[in-house]
Amino acid sequence: MTGSQQINMGACEGTEVKKKKMTTGSHRSSEGSFVVASMADVKLELVGRKVVVRLCRRSRKGFKACLVAQDFSQQPGLDYTQTFAPVIKLNTMRLVISLALQNNWCMHQLDVSNAFLHVAEAWFKRLETYLLDIGFKQSSADHSMFVFKSNDAIMILLIYVDDIAVFGSSKSLIGQFIFSIRSEFSMKDLGPLHYFLGVELVSNSDGLLLLQQKYINDILLRFDLANSKHVSTPLHSKQDWHSTSSSLLSDPSIYRQMVGCLQYLAFTRLDIHFAVNLASQFLHQPRQSHLQAVKCIYRYLKGTSHLGLQLHRKSSHVLTIYSNSDWAGCTATRRSTIGFCILLEDNLISWAAKKQPTVARSNIEAEYRALVVAAAEAT
């Protein structure tokens, strides 16, 4: 692909959306999106490409086109050996939103217009270099978080590929930064933060309510469970996950897709985390009983899609950690399951439920391991 070549992309085919043409050649020369390579130098199989158009709730234009690589044709170890995902940790996101709420900071969002033209690592390096050059410091705990301090003002950036959330104590400082970064990159200013990474931020009298109601409705429709009867709990207390009485699924891909969609709900839904953790342990060889258990989680979500994570405005900076362990809870391996949650005063910012890698010899040992994992997460 040469620097002078242009890409014309049809937005969508159908009766509801009109076709439109987009030209992106101007961005390649100014920001170095592509590097010209000879076909003779390419020893690996070329990866195909496809234009994906989706409805964008954050943009006034309505639709967003992305040029994506069809990397499902590649094989690990043969076509590639490394992966890179420049995304912010969900725990970091909840923590920064909580701090911004408590300190009455401004919350803004930006969208990079042409990040899809870059290889993920190359795009992140390009942005990282720019931010460091203008005075930002990169967090050692989360490399997708950048902090800028000027006198008494502070500004924090959280980066998730082409989505950027900006938090700051000074509105004028944020305005100066947005003007500066838009002169360097093609970027849209989406205004105050209200819908980020599929999470809706709803203001109320207590602070902010983080909701994923639209996402829940979308996955219910995707797996044809929108009209199912809802249940009051996500998991049956007597569910035997290790039972081999039911048959193996002939096509386990549906099960894996359903569990994968549930994992993203970990941003706001602590109540299903343990059930999703159990379901994730059987992705390699799911059975009919496992599929029914996952459908039970979806039926629970149908009746509780309005629930979310409440972050309180009036709260201090006291960090509290709770941990627990189910000693030898797994009937097949006798390994323990640990769980913990971390609160910034009244705001829940981190949690996890996972099986311990080795067998604990006593309940005290299992509890101690849970405490160690929770303390490591907090620090």
Go through it in stages, so that I can follow the logic: the residues are Asp163 and Ile88, the test is side chain to side chain contact (heavy atoms under 4.5 Å, CB included), and I'd like the CA-CA distance, side-chain angles, deciding distance and then a yes or no. CA-CA 10 Å; Asp163 294 302; Ile88 194 70; over 6 Å; no
Criterion side chain to side chain contact (heavy atoms under 4.5 Å, CB included) on Leu95 and Asn91, from CA distance to verdict: CA-CA 6 Å; Leu95 173 61; Asn91 296 342; over 6 Å; no
What do the steps show when you test Leu132 against Gln138 for side chain to side chain contact (heavy atoms under 4.5 Å, CB included), and what is the final call? CA-CA 7 Å; Leu132 295 177; Gln138 190 174 25; 4.3 Å; yes
Carefully, step by step, assess Val166 and Gln109 under the rule side chain to side chain contact (heavy atoms under 4.5 Å, CB included). CA-CA 6 Å; Val166 186; Gln109 55 184 340; over 6 Å; no
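Shown here are the ring-ring contact (aromatic ring centres under 6.0 Å, His included) partners of His143, two or more places apart in sequence or in another chain: there are none. Listed by chain and residue number, Tyr298 satisfy the ring-ring contact (aromatic ring centres under 6.0 Å, His included) test with Phe223 (two or more places apart in sequence, or in another chain). Remark: Arg369 engages Glu365 in a salt bridge (charged side-chain N to carboxylate O under 4.0 Å, His left out) (not counting sequence neighbours). Remark: Ser253 engages Asp251 in a side chain to side chain donor-acceptor pair (under 3.5 Å) (not counting sequence neighbours). In this structure Cys296 satisfies the side-chain contact (heavy atoms from CB on, under 4.5 Å) test together with Val231, sequence neighbours excluded. When the side-chain contact (heavy atoms from CB on, under 4.5 Å) test is applied to Gln176, the partners found at least two apart in sequence or on another chain are Leu173. Scanning for side-chain contact (heavy atoms from CB on, under 4.5 Å) contacts around Val373 gives Ile338, Phe340, with sequence neighbours left out. Listed by chain and number, the residues in a side chain to side chain donor-acceptor pair (under 3.5 Å) with Gln288 amount to none (sequence neighbours excluded).
Between Leu249 and Ile254, the closest side-chain pair of non-hydrogen atoms is not below 4.5 Å. Between Leu319 and Leu343, every side-chain heavy-atom pair lies at or beyond the 4.5 Å cut-off. Asp142 is not listed as a side-chain neighbour of Leu158, based on a closest heavy-atom distance of 4.5 Å or more. Within the 4.5 Å cutoff, side-chain heavy atoms of Leu110 are placed close to those of Asp189. In this structure, Arg287 and Tyr255 have side chains that are not in contact, with every pair of non-hydrogen atoms separated by 4.5 Å or more. Put simply, the side chain of Gln281 reaches to within 4.5 Å of the side chain of Lys355, judged on heavy atoms. Here the side chains of Phe196 and Met107 are not in contact, with every heavy-atom distance at 4.5 Å or above. Side-chain contact check for Leu309 versus Val199: every heavy-atom pair is 4.5 Å or farther apart.
Met258 and Leu248 fall into different hydrophobic clusters, where Ile, Leu, Val, Met, Phe, Trp and Tyr side chains are chained together by heavy-atom contacts under 4.5 Å. Residues Ile216 and Leu221 fall into different hydrophobic clusters, defined by Ile, Leu, Val, Met, Phe, Trp and Tyr side chains chained together at heavy-atom separations under 4.5 Å. Connection of Trp327 to Val359 is not established within any shared hydrophobic cluster, with ILVMFWY side chains joined at heavy-atom distances below 4.5 Å, either directly or through further cluster members. With hydrophobic clusters built from ILVMFWY side chains whose heavy atoms lie under 4.5 angstrom apart, Leu90 shares a cluster with Val276. Using a 4.5 Å cut-off between side-chain heavy atoms of Ile, Leu, Val, Met, Phe, Trp and Tyr, with links allowed through other members, Leu348 and Tyr322 fall into the same hydrophobic cluster.
Heavy-atom minimum distance, Leu210 versus Phe267: CD1-CE2, 3.9 Å. Among all heavy-atom pairs drawn from Gln356 and Ser325, the shortest one is NE2-OG, 3.9 Å. Closest heavy-atom contact between Gln310 and Asn204: OE1-ND2, 2.9 Å. In terms of heavy atoms, Leu235 sits closest to Leu278 at CD2-CD1, 3.7 Å. Closest non-hydrogen pair, Ala328 versus Ser336, comes out as N-OG, 3.0 Å. Between Lys171 and Cys106, the shortest heavy-atom distance links the atoms CB-SG, 3.9 Å.
Checked by atom type and distance alone, the side chain of Asn277 never pairs as donor or acceptor with a backbone atom of His273 at under 3.5 Å. With hydrogens and angles disregarded, a donor-acceptor distance shorter than 3.5 Å links the side chain of Thr129 to the backbone of Lys125. Proximity of a side-chain donor or acceptor of Tyr160 to a complementary backbone N or O of Ser144 within less than 3.5 Å is not detected. Here the side chain of Lys89 pairs a donor or acceptor atom with the backbone of Ala141 at under 3.5 angstrom. Side chain of Asn151 to main chain of Ala153: no donor-acceptor pair is present (N/O by atom type, distance under 3.5 Å, no hydrogens or angles). Between the side chain of His312 and the main chain of Lys314, no donor-acceptor pair closer than 3.5 Å is present. Checking side-chain atoms of Asn103 against main-chain N and O of Trp105 turns up no donor-acceptor pair under 3.5 Å. Between the His317 side chain and the Leu344 main chain, no donor and acceptor come within less than 3.5 Å of each other.
Within the structure, ring pair (Phe, Tyr, Trp, His ring centres under 6.0 Å) contacts touching residues 161-182 (residues at least two apart or in different chains) are Phe136-Phe177. Judged as a salt bridge (Lys or Arg N to Asp or Glu O under 4.0 Å), not a single pair has a partner in residues 322-337 (not counting sequence neighbours). Residue pairs that meet the ring pair (Phe, Tyr, Trp, His ring centres under 6.0 Å) test with at least one member in residues 359-379, sequence neighbours left out, do not exist here.
Note that CG of Leu283 and CZ of Arg256 are 7.0 Å apart. Values are rounded to the nearest 0.5 Å. Residue Lys137 holds its NZ atom at 15.0 Å from CD1 of Ile156, rounded to the nearest 0.5 Å. Between atom CG of residue Leu127 and atom CD1 of residue Ile159 there is a gap of 4.5 Å, rounded to the nearest 0.5 Å. A distance of 8.0 Å separates CZ of Arg269 from OG of Ser305, quoted to the nearest 0.5 Å. One distance of note links CZ of Phe274 with CD1 of Ile297; it measures 10.5 Å at 0.5 Å rounding. The distance from the CD1 atom of Ile134 to the OG atom of Ser180 is 5.0 Å, given to the nearest 0.5 Å.
Within a 6.0 Å radius of NE2 in His242, more than 12 heavy atoms belonging to other residues, nucleotides or ligands are found. Applying the 6.0 Å contact sphere to CG of Asp133 captures more than 12 heavy atoms from other residues, nucleotides or ligands.
Cluster note: Val202 groups with Leu209, Leu211 through ILVMFWY side-chain heavy atoms spaced under 4.5 Å, whether in direct contact or through intervening members.
Using cut-offs of 30° and 60° for the angle between ring planes, the Tyr130 and Phe185 rings count as perpendicular.
Taking a cutoff of 4.0 Å between a charged side-chain nitrogen and a carboxylate oxygen, Asp218 and Arg222 do not qualify as a salt bridge. The pair Glu184-Arg126 counts as a salt bridge, with a side-chain nitrogen and a carboxylate oxygen less than 4.0 angstrom apart.
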